[in-house]
Structures are given as C-alpha cells and as structure tokens.
Asker: 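One structure coming up, written as structure tokens, with questions to follow.
Just so you know, residue 1 is the first one in the sequence shown, and it goes up from there.
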Amino acid sequence: MKNIVVIGAGKIGSTIARLLIHSGDYHVTLADRSKQQLEHIEANSALSLAEIDIADHAAVVKLLSGKFAVLSAAPFHLTIAIAEAAAKAGVHYLDLTEDVESTRRVKAIAANASTAFIPQCGLAPGFISIVANDLASRFDKLDSVRMRVGALPQYPSNALNYNLTWSTDGVINEYIEPCEAIVDGQLIEVPALEEREEFSLDGVTYEAFNTSGGLGTLCETLKGKVRTLNYRTIRYPGHAAIMKALLSDLGLRHRREVLKDILEHALPSTMQDVVIVFVTVSGWKNGRLVQETYANKVYSAVVAGRMMSAIQITTACSICAVLDMLAKGDLPAKGFIRQEDIGLDAFLDSRFGHYYAQKAYGEKIAG
C-alpha cells in the first residue's frame with residue numbers, strides 16, 4: 001500500500017480519501033486545520049487523521065516526509081505552501097486548483113523538484129483538458145476548440161438557479177479573475193462573466209460565460225496551432241446577470257469574504273446535481289472542414305457505499321485516476337505534468353475514470 005496525504009477534509013477531500021481507501025491500494029492521511037471537520041470523518045483502518053496548520057511549513061514537511069504523494073483539496077490560496085512543502089519533502093504533488101497564478105508558481109517549483117508535480121487534476125481544469133486534447137489530436141489542422149463545463153442543481157429553486165456544490169472560494173475566484181483565451185490566433189485575457197451565450201442540450205436551455213482557470217495549460221499547449229480556444233462555465237439562464245450585479249454593481253468583488261458569507265448562508269447545498277461536459281472541436285481532416293463533439297452528463301450516484309454528488313464524483317475520480325496512473329508508472333515520475341499529457345482512453349479505462357460513464361441519478365456504480 002502506498003502512503004498518501006490528502007490535505008483538506010471538506011466535501012472533495014473526504015471523497016478522495018474514501019475512494020482511495022476503498023480501492024485497497026492506499027493508506028491515506030487526511031489532514032485539515034479544523035478539528036471539527038476531521039471529527040465527521042468515518043473511521044477506517046487505512047485512514048489516519050492529522051490536524052495541521054498549512055502555515056506551519058516545518059510541520060507540513062514533517063507530515064509529508066516518507067509519503068508517496070500529497071493531494072491538495074485545500075482552497076487555492078494554500079496551493080503554493082503545500083507545493084513548496086512537497087518539494088522539500090521529496091513527494092509527488094497533485095492538486096485541484098483552478099487558479100492560474102498558483103499553477104504558474106507550481107510549474108516554477110517543479111523545475112527544481114525531484115518528483116512529479118501535476119496541478120489542476122479536477123474536472124475543469126483537469127478532465128476537460130484531457131478530452132479537448134484528445135479531440136484536437138484527431139485533426140490535421142485545427143480551427144477552434146470550445147470547452148463548456150457546469151456543475152448544476154437538477155432542480156433549481158432560487159433566482160440564481162444555483163446551489164453550492166463545491167468550493168465557494170473557487171466559484172468566486174473563477175467569477176473574478178481574468179480568463180485566458182486564444183482569439184484570432186493570439187493568446188489574450190478576457191474578462192470573467194462576459195461573452196455570454198445560450199445553447200440547448202437534451203431539450204434544456206443553458207447559458208455559458210467566461211470564467212477563469214478552466215483551460216488549465218491548454219492555451220500554452222495549443223498556442224500557434226488554433227485560431228479560437230475558449231472555456232466557459234455552464235449555468236441556467238439568469239445566473240450571470242445576478243452575479244454581475246453582486247460583483248460589480250454592489251462591489252462585492254472587492255469584499256470576497258462578505259460574498260462568501262452571503263452565498264453560504266443563502267444557497268443550500270444539494271446532492272441532486274448534474275455535471276455537464278461539452279467540448280466542440282473543428283478543423284480540417286483530409287482537406288475537409290469537420291467538427292467533432294464530446295457531450296456527457298454525470299449525475300449523483302452511490303460510490304464506495306455512499307451517495308455522492310456529481311461534482312464530488314467527477315472531481316475526486318479525476319485526481320484519483322491521475323494518482324493511479326502515476327503510481328503504476330504510466331506518467332513521468334519527475335517534473336511538471338500537464339493534464340493534456342494524459343490519454344483520454346487510458347483515463348476512462350481506469351478504475352476511477354469509469355465513473356464518468358454513469359448516467360442515472362441514484363445509480364449504484366461498481367468500485
């Protein structure tokens with residue numbers, strides 16, 4: 001059994017720990033600064049708990065020393081501290097961050113590290129880049145790559161048409177920070193919450209708009225090879241207009257903690273959610289302009305003996321699948337590894353990647 005540290009005992013971190021424990025191949029130390037958060041974790045012989053403050057660098061290095069890898073499910077602003085500790089301890093590093101600047105710092109740390117550093121191993125960024133790169137590889141010449149992802153309630157019941165399904169800090173950050181895109185072949189930054197569009201899938205109308213971080217490193221990878229590349233978050237119509245009013249008109253973009261408090265006390269969480277992945281790539285094959293699309297919906301399901309939300313399943317299974325590939329030697333053991341370096345077929349064939357194939361709410365998934 002390989003010894004793993006998972007930092008962050010929230011919804012996603014606890015799901016990661018559960019998946020790894022139930023695989024039978026990992027012993028997990030689940031770490032969090034909140035003793036109360038750790039007290040809610042179900043005991044298991046393959047699980048240890050650690051109360052730790054990430055600001056205590058020496059304590060984090062000590063916790064990581066001798067382990068195979070650390071998986072960060074902590075808020076994005078703790079990313080660098082954990083990555084630095086991983087490099088010092090000589091362990092592999094994986095995270096779920098959507099923060100662009102944090103990923104740039106992780107890449108710099110990886111340059112001098114003796115182990116693998118694999119950031120952005122979640123849904124978006126993460127799986128979405130694996131899908132987009134797989135589609136793009138099938139073309140002789142690319143024209144456009146359009147990536148759309150959303151984690152939505154199945155039964156919206158408020159004006160925002162939204163429920164909290166993952167990190168509130170992460171949602172706010174992606175609604176505020178600049179977004180990378182390639183427009184007319186040029187890598188540029190575009191504002192979040194702009195360039196709204198509507199589309200229908202399975203008879204349901206959605207809106208999509210710019211958000212930060214979802215492209216991961218794909219802009220850098222495809223620069224000079226594609227005319228248009230963009231990422232937009234999917235929501236139900238009306239969501240973007242209200243969020244723009246809160247962030248811009250009321251100035252809450254400058255008071256993130258206030259907005260976080262409002263959202264967490266006004267919007268209930270739900271297990272009845274759906275994750276939508278929608279990627280469209282166009283380009284030339286054998287001299288003809290053609291288009292290929294990947295569209296998928298993932299619903300809540302029973303996994304490892306417990307009902308889990310779609311965003312828990314898709315986010316946690318992504319980072320677990322990448323960890324499995326690293327442990328088996330299917331990925332390089334040193335340096336910075338991009339999500340688009342991971343093969344889609346290998347990912348989906350893995351014991352964690354197969355969760356993306358489930359379709360119906362409440363369905364029990366083997367594994």
Asker: State plainly whether the residues R235 and E197 are in salt-bridge range, i.e. N to O under 4.0 Å.
Answerer: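 No, this pair does not count.
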Asker: Among R232, R148, R146, which residue meets the salt bridge (Lys or Arg N to Asp or Glu O under 4.0 Å) test with E195?
Answerer: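 Only match with E195 under salt bridge (Lys or Arg N to Asp or Glu O under 4.0 Å): R232.
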Asker: Evaluate whether atom CD of Q186 has more than 12 neighbouring non-hydrogen atoms of other residues, nucleotides or ligands under 6.0 angstrom away.
Answerer: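 No, CD of Q186 has 12 or fewer neighbouring heavy atoms, counting only those of other groups under 6.0 Å.
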Asker: Is the shortest side-chain heavy-atom distance between H27 and S45 below 4.5 Å?
Answerer: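 Result no, sub-4.5 Å side-chain heavy-atom pair not found.
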Asker: Should S48 and L30 count as side-chain neighbours, where that means a heavy-atom distance under 4.5 Å?
Answerer: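 With C-beta onward as the side chain, the pair stays apart.
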Asker: Any donor and acceptor pair, going by atom type alone, linking the side chain of H254 with main-chain N or O of G251 inside 3.5 Å?
Answerer: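 No: the side chain of H254 does not pair with the backbone of G251.
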Asker: Carefully, step by step, assess I172 and I176 under the rule side chain to side chain contact (heavy atoms under 4.5 Å, CB included).
Answerer: CA-CA 6 Å; I172 294 171; I176 292 176; 3.6 Å; yes
Asker: Dump the intermediate steps for side-chain hydrogen bond (donor to acceptor under 3.5 Å, both in side chains) on E174 and S212, then the final yes or no.
Answerer: CA-CA 4 Å; E174 71 175 18; S212 177; over 6 Å; no
Asker: Please walk me through it: do K244 and D249 pass salt bridge (Lys or Arg N to Asp or Glu O under 4.0 Å)?
Answerer: CA-CA 7 Å; K244 287 174 72 172; D249 296 347; over 6 Å; no
Asker: Please confirm whether the backbone N or O of P153 pairs with a side-chain atom of Y236, one donor and one acceptor, at under 3.5 Å?
Answerer: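 Side chain of Y236 to backbone of P153, a donor-acceptor pair under 3.5 Å: yes, one is there.
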Asker: Taking only residues two or more places apart in sequence, or in another chain, which ones meet E39 in a salt bridge (charged side-chain N to carboxylate O under 4.0 Å, His left out)?
Answerer: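 Residues passing salt bridge (charged side-chain N to carboxylate O under 4.0 Å, His left out) with E39: none at all.
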Asker: Tell me yes or no: between the side chains of S318 and Y356, is some donor less than 3.5 Å from an acceptor?
Answerer: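 Result is yes, a qualifying pair exists.
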Asker: Is the closest side-chain donor-acceptor distance between S300 and Q272 under 3.5 Å?
Answerer: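 No, Q272 and S300 have no side-chain donor paired with an acceptor closer than 3.5 Å.
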Asker: For the residue pair R18 and H22, establish whether any side-chain heavy-atom pair is separated by less than 4.5 Å.
Answerer: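 Touching, per the 4.5 Å side-chain cut-off.
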Asker: For S282 and S144, test the side chains for any donor-to-acceptor distance below 3.5 angstrom and give the result as yes or no.
Answerer: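 The criterion, which ignores hydrogens and geometry beyond distance, is satisfied for S144 and S282.
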Asker: What is the ring orientation for F68 with H92, classed by angle as parallel under 30°, tilted 30 to 60°, or perpendicular over 60°?
Answerer: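 Perpendicular: the ring planes of F68 and H92 meet at over 60°.
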Asker: Could you tell me which non-hydrogen atom of T315 sits nearest to which non-hydrogen atom of I311, and how far apart they are?
Answerer: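 So the minimum-distance heavy-atom pair works out to OG1-O, 2.8 Å.
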Asker: Is the shortest heavy-atom distance from the side chain of Y175 to the side chain of N173 under 4.5 Å?
Answerer: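 The answer is no; the side chains never approach within 4.5 Å.
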Asker: Do side-chain atoms of T314 reach the backbone of A310 as a donor and acceptor pair under 3.5 angstrom?
Answerer: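 Flag set: sc T314 to bb A310 pair under 3.5 Å.
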Asker: How close do N158 and L267 get, heavy atom to heavy atom, and via which atoms?
Answerer: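 Minimum heavy-atom separation between N158 and L267: ND2-CD2, 3.6 Å.
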Asker: Please list every donor-acceptor pair under 3.5 Å in which a side-chain atom of residues 341-349 meets a protein atom from a residue at least two apart or in another chain.
Answerer:
residue	atom	partner	partner atom	Å
D341	OD1	R338	NE	3.2
D341	OD1	R338	NH2	2.7
D341	OD2	R338	N	3.0
D341	OD2	R338	NE	3.3

Asker: If I compare all heavy atoms of K67 with all of V91, which pair ends up nearest, and what's the gap?
Answerer: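 The answer is O-CG1, 3.2 Å.
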Asker: Return the orientation label for the F199 and F278 ring planes: parallel under 30°, perpendicular over 60°, tilted otherwise.
Answerer: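 If you compare the ring of F199 with that of F278, the planes turn out parallel.
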Asker: Would you say L49 and V5 are hydrophobically clustered, going by side-chain heavy atoms of ILVMFWY under 4.5 Å?
Answerer: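 Result: no, two separate clusters.
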Asker: Between Y206 and K297, which heavy-atom pair has the shortest distance, and what is it?
Answerer: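 Heavy atoms only, the tightest pair is OH-NZ, 3.3 Å.
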Asker: Heavy atoms only: give me the nearest R253-S248 pair and the separation to one decimal.
Answerer: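 Here R253 and S248 meet closest at NH2-OG, 3.6 Å.
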Asker: Might you work through the salt bridge (Lys or Arg N to Asp or Glu O under 4.0 Å) test for E51 and R33, ending with a clear yes or no?
Answerer: CA-CA 5 Å; E51 184 180 346; R33 68 177 181 178; over 6 Å; no
Asker: Do L47 and I319 belong to the same hydrophobic cluster, where Ile, Leu, Val, Met, Phe, Trp and Tyr are linked whenever their side-chain heavy atoms lie under 4.5 Å apart, directly or via other members?
Answerer: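 L47 clusters together with I319.
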Asker: Should L331 and L71 be counted in the same cluster of Ile, Leu, Val, Met, Phe, Trp and Tyr side chains packed under 4.5 Å apart?
Answerer: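 Yes; tracing contacts between hydrophobic side chains, which count when under 4.5 Å, links both residues.
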Asker: Decide yes or no for N296 and V298: does some side-chain heavy atom of the first lie under 4.5 Å from some side-chain heavy atom of the second?
Answerer: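 Contact flag for N296/V298 side chains = yes.
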Asker: Are V70 and V106 grouped together when hydrophobic residues (ILVMFWY) are joined by side-chain heavy atoms under 4.5 angstrom apart?
Answerer: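 V70 and V106: one cluster.
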Asker: Any side-chain heavy atom of F352 sitting closer than 4.5 Å to one from I16?
Answerer: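 No, every pair of side-chain atoms sits at 4.5 Å or beyond.
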Asker: Before giving the answer on side chain to side chain contact (heavy atoms under 4.5 Å, CB included), spell out for M1 and D25 the whole-Å C-alpha distance, their side-chain angles and the decisive distance to 0.1 Å.
Answerer: CA-CA 5 Å; M1 296 179 72; D25 292 326; 5.8 Å; no
Asker: Might you point out which heavy atoms bring N163 and P268 nearest each other, and give the distance in Å?
Answerer: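 Looking at all heavy atoms of both residues, the shortest contact is ND2-O, 2.9 Å.
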Asker: State, without any angle test, whether Q312 and T15 hold a side-chain donor-acceptor pair at a distance under 3.5 Å.
Answerer: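 Q312 vs T15: donor-acceptor pair found between side chains.
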Asker: Identify whether F139 and M147 are in the same connected component of the hydrophobic contact network (ILVMFWY, side-chain heavy atoms under 4.5 Å).
Answerer: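 Per the 4.5 Å side-chain linkage, F139 and M147 are co-clustered.
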Asker: Going by an N to O cut-off under 4.0 Å, is there a salt bridge joining E207 and R196?
Answerer: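 Yes, charged N to carboxylate O under 4.0 Å.
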Asker: Within 45° of the axis and under 6.0 Å from the centre of the six-membered ring of F336, does NZ or CZ of K107 qualify?
Answerer: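 Yes, a cation-pi geometry holds between K107 and F336.
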Asker: For R105, I'd like to know if atom CZ has over 12 heavy atoms of other residues, nucleotides or ligands within 6.0 Å.
Answerer: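 Result for CZ/R105: open.
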Asker: Does the side chain of E340 pick up a donor-acceptor pair with the side chain of T221 at under 3.5 Å?
Answerer: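 On atom types as modelled, these side chains qualify, holding a pair under 3.5 Å.
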Asker: Only counting residues at least two apart or in another chain, list the ones meeting salt bridge (charged side-chain N to carboxylate O under 4.0 Å, His left out) with D169.
Answerer: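 By the salt bridge (charged side-chain N to carboxylate O under 4.0 Å, His left out) rule, D169 matches K260.
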Asker: May I ask you to test the L63-I52 pair for a side-chain heavy-atom distance under 4.5 Å?
Answerer: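 Side chain of L63 against side chain of I52, heavy atoms only: contact under 4.5 Å found.
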Asker: Are any non-hydrogen side-chain atoms of E198 and T205 less than 4.5 angstrom apart?
Answerer: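 They are in contact (side-chain heavy atoms under 4.5 Å apart), so the answer is yes.
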Asker: Would you say K223 has more than 12 foreign heavy atoms packed within less than 6.0 Å of its NZ?
Answerer: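 Open.
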Asker: Given the rule in the side chain to side chain contact (heavy atoms under 4.5 Å, CB included) test, do V281 and T293 qualify, once you have shown the distances and angles that lead to the verdict?
Answerer: CA-CA 6 Å; V281 178; T293 296; over 6 Å; no
Asker: Show your reasoning for whether side chain to side chain contact (heavy atoms under 4.5 Å, CB included) applies to L259 and R255.
Answerer: CA-CA 7 Å; L259 179 57; R255 304 175 68 189; over 6 Å; no
Asker: Going by the side-chain hydrogen bond (donor to acceptor under 3.5 Å, both in side chains) test, name the single residue among T103, T217, D95 that passes it with Q120.
Answerer: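 Only match with Q120 under side-chain hydrogen bond (donor to acceptor under 3.5 Å, both in side chains): T103.
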Asker: Should the pair E101-R104 be classified as a salt bridge under the 4.0 Å nitrogen-to-oxygen rule?
Answerer: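 Between R104 and E101 there is a salt bridge, with a charged N closer than 4.0 Å to a carboxylate O.
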